[in-house]
Undergrad: 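Let me give you the structure first, and then I'll get to my questions.
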Amino acid sequence: MASKDPLIIRGKDEMREWSRSARAQGKTIGFVPTMGFLHDGHLSLINESKKHADLTVVSIYVNPGQFSPNEDLSTYPSDFDGDIQKLKGVSGGVDVVFHPQNLYDYGQNVGRRNSGGGEEGKVVSCVEINGGMGHETWVRVERLEKGLCGNSRPVFFRGVATIVAKLFNIVEPDVAVFGKKDYQQWRIIKRMVRDLDFGINVIGADLIRDEDGLAKSSRNVRLSPQEREKALSISKSLSNAKFAAEKGQLNCKELRDSVIQAIQEAGGKVDYAEIVDQESLEPLKEITSPAVFCVAAIFGNVRLLDNVEINV
């Protein structure tokens, strides 16, 4: 099958016009938001979207609103030309790549730092530290954003919810697909869509792993071969914990301790290792309901996420 060149759209108005024209023709639109540097995990999300909609839009936009100034925004990997080639290789192709330059630029020269969380003493994002072009509206899912990644990345989910809301308003999809590797993010977006009455079906797609078991991530490219080998302790220990739970070991502290020990013995630094309820993300002492074991760990200078769902 010949490869399909996607239409590349950079402007918000042009994107909306395309979506509304497609819907006027009776077409449904699936949407996969990404920050680029695509891998097989992203492509699996696109294939999932194609099962649920007539047309597929993929956004490629590295969102400064979810990075604090001390995080890795400037080193986040990027390969737009390579991404387009990968998208052309998807069976049936994708219809549109939405690749805006700056979704926080409203064409105003604001001569002061905005007040969207950037007051003295507060943690700010890269949008606010750079002036933000006057942006001061943020979306928060107040309870679900606490804990897990929210502990060490206090602006992250505020930035994610805000940019996804903006993208939903620009692309106007019927379906949006998110990967369960970022489990908390997926739950936050589902709750935002419910609470704010977006008419969008949010689908969670299963986590995709490399052949060696490492959860696929754009950040994996920054691991040295030695660090990658050590990082396999995350998926291996999670798999062992899931097996133990299925065999009747339901005490969360004991399961957590086993995973933390394995990662630390491999030379990793554990940000968190928590067993939480799949819906509420509340920490569990004992697995008595569908749970998910979520881990964030650092090898070298690369922060990695992984999780396994436990249904016993």
Undergrad: When you compare the side chain of Val270 with that of Gln264, does any pair of heavy atoms fall below 4.5 Å?
TA: yes

Undergrad: Is there a donor-acceptor contact under 3.5 Å from the side chain of Lys4 to the main chain of Ser91?
TA: no

Undergrad: Closest approach of Val308 and Arg209, non-hydrogen atoms and distance?
TA: CG1-NH2, 4.0 Å

Undergrad: Under 3.5 Å, which donor-acceptor pairs link side chains of residues 11-19 to any protein atom two or more places apart or in another chain?
TA:
{"from": "Arg16", "atom 1": "NE", "to": "Asn169", "atom 2": "O", "distance (Å)": "3.3"}
{"from": "Ser19", "atom 1": "OG", "to": "Met15", "atom 2": "O", "distance (Å)": "3.3"}
{"from": "Ser19", "atom 1": "OG", "to": "Val171", "atom 2": "O", "distance (Å)": "2.6"}

Undergrad: Compute whether any side-chain donor of one residue and acceptor of the other, for Asp95 and Thr56, lie under 3.5 angstrom apart.
TA: no

Undergrad: Counting C-beta onward and ignoring hydrogens, is there a side-chain heavy-atom pair between Ile60 and Phe98 closer than 4.5 Å?
TA: no

Undergrad: Would you call Arg219-Asp72 a salt bridge at under 4.0 Å N-O?
TA: yes

Undergrad: Taking the side chain as every heavy atom from C-beta outward, state whether Phe157 and Val141 have any atom pair closer than 4.5 Å.
TA: no

Undergrad: Cys149 versus Tyr272: any side-chain heavy-atom pair under 4.5 Å?
TA: yes

Undergrad: With sequence neighbours left out, what residues match Asp54 under side-chain hydrogen bond (donor to acceptor under 3.5 Å, both in side chains)?
TA: Thr28

Undergrad: Between Val32 and Val57, is there a side-chain heavy-atom distance shorter than 4.5 Å?
TA: no

Undergrad: Begin with the C-alpha distance, continue with both residues' side-chain angles, and end with the deciding distance and a verdict on salt bridge (Lys or Arg N to Asp or Glu O under 4.0 Å) for Lys181 and Asp306.
TA: CA-CA 6 Å; Lys181 180 182 75 71; Asp306 204 339; over 6 Å; no

Undergrad: So, His99 versus Phe80, ring centres under 6.0 angstrom or not?
TA: yes

Undergrad: For the pair Glu71 and Arg153, find out whether any cationic side-chain nitrogen is under 4.0 Å from an anionic carboxylate oxygen.
TA: yes

Undergrad: What side-chain donor-acceptor pairs closer than 3.5 Å can you find for residues 242-253, not counting sequence neighbours?
TA:
{"from": "Lys242", "atom 1": "NZ", "to": "Glu309", "atom 2": "O", "distance (Å)": "3.4"}
{"from": "Gln249", "atom 1": "OE1", "to": "Asn251", "atom 2": "N", "distance (Å)": "3.2"}
{"from": "Gln249", "atom 1": "NE2", "to": "Glu254", "atom 2": "OE1", "distance (Å)": "2.6"}
{"from": "Asn251", "atom 1": "OD1", "to": "Lys253", "atom 2": "N", "distance (Å)": "3.1"}
{"from": "Asn251", "atom 1": "OD1", "to": "Glu254", "atom 2": "N", "distance (Å)": "3.0"}
{"from": "Lys253", "atom 1": "NZ", "to": "Asp257", "atom 2": "OD2", "distance (Å)": "2.8"}

Undergrad: Do Asn201 and Ile203 have side-chain heavy atoms sitting under 4.5 Å apart?
TA: yes

Undergrad: Are Ser289 and Asp277 linked by a side-chain donor-acceptor pair shorter than 3.5 Å?
TA: yes

Undergrad: For the residue pair Asn63 / Tyr104, report whether a side-chain donor-acceptor contact shorter than 3.5 Å exists.
TA: yes

Undergrad: Is any side-chain N of the basic residue among Glu282 and Arg143 closer than 4.0 Å to the acidic one's carboxylate O?
TA: yes

Undergrad: Can a salt bridge be assigned to the pair Asp210 and Lys216 using a cut-off of 4.0 Å between side-chain N and carboxylate O?
TA: yes

Undergrad: Between Glu227 and Lys230, does at least one N-O distance fall below 4.0 Å, as a salt bridge requires?
TA: no

Undergrad: Could you check whether Arg23 pairs with Asp174 (Lys NZ or Arg NE/NH1/NH2 to Asp/Glu carboxylate O, under 4.0 Å)?
TA: yes

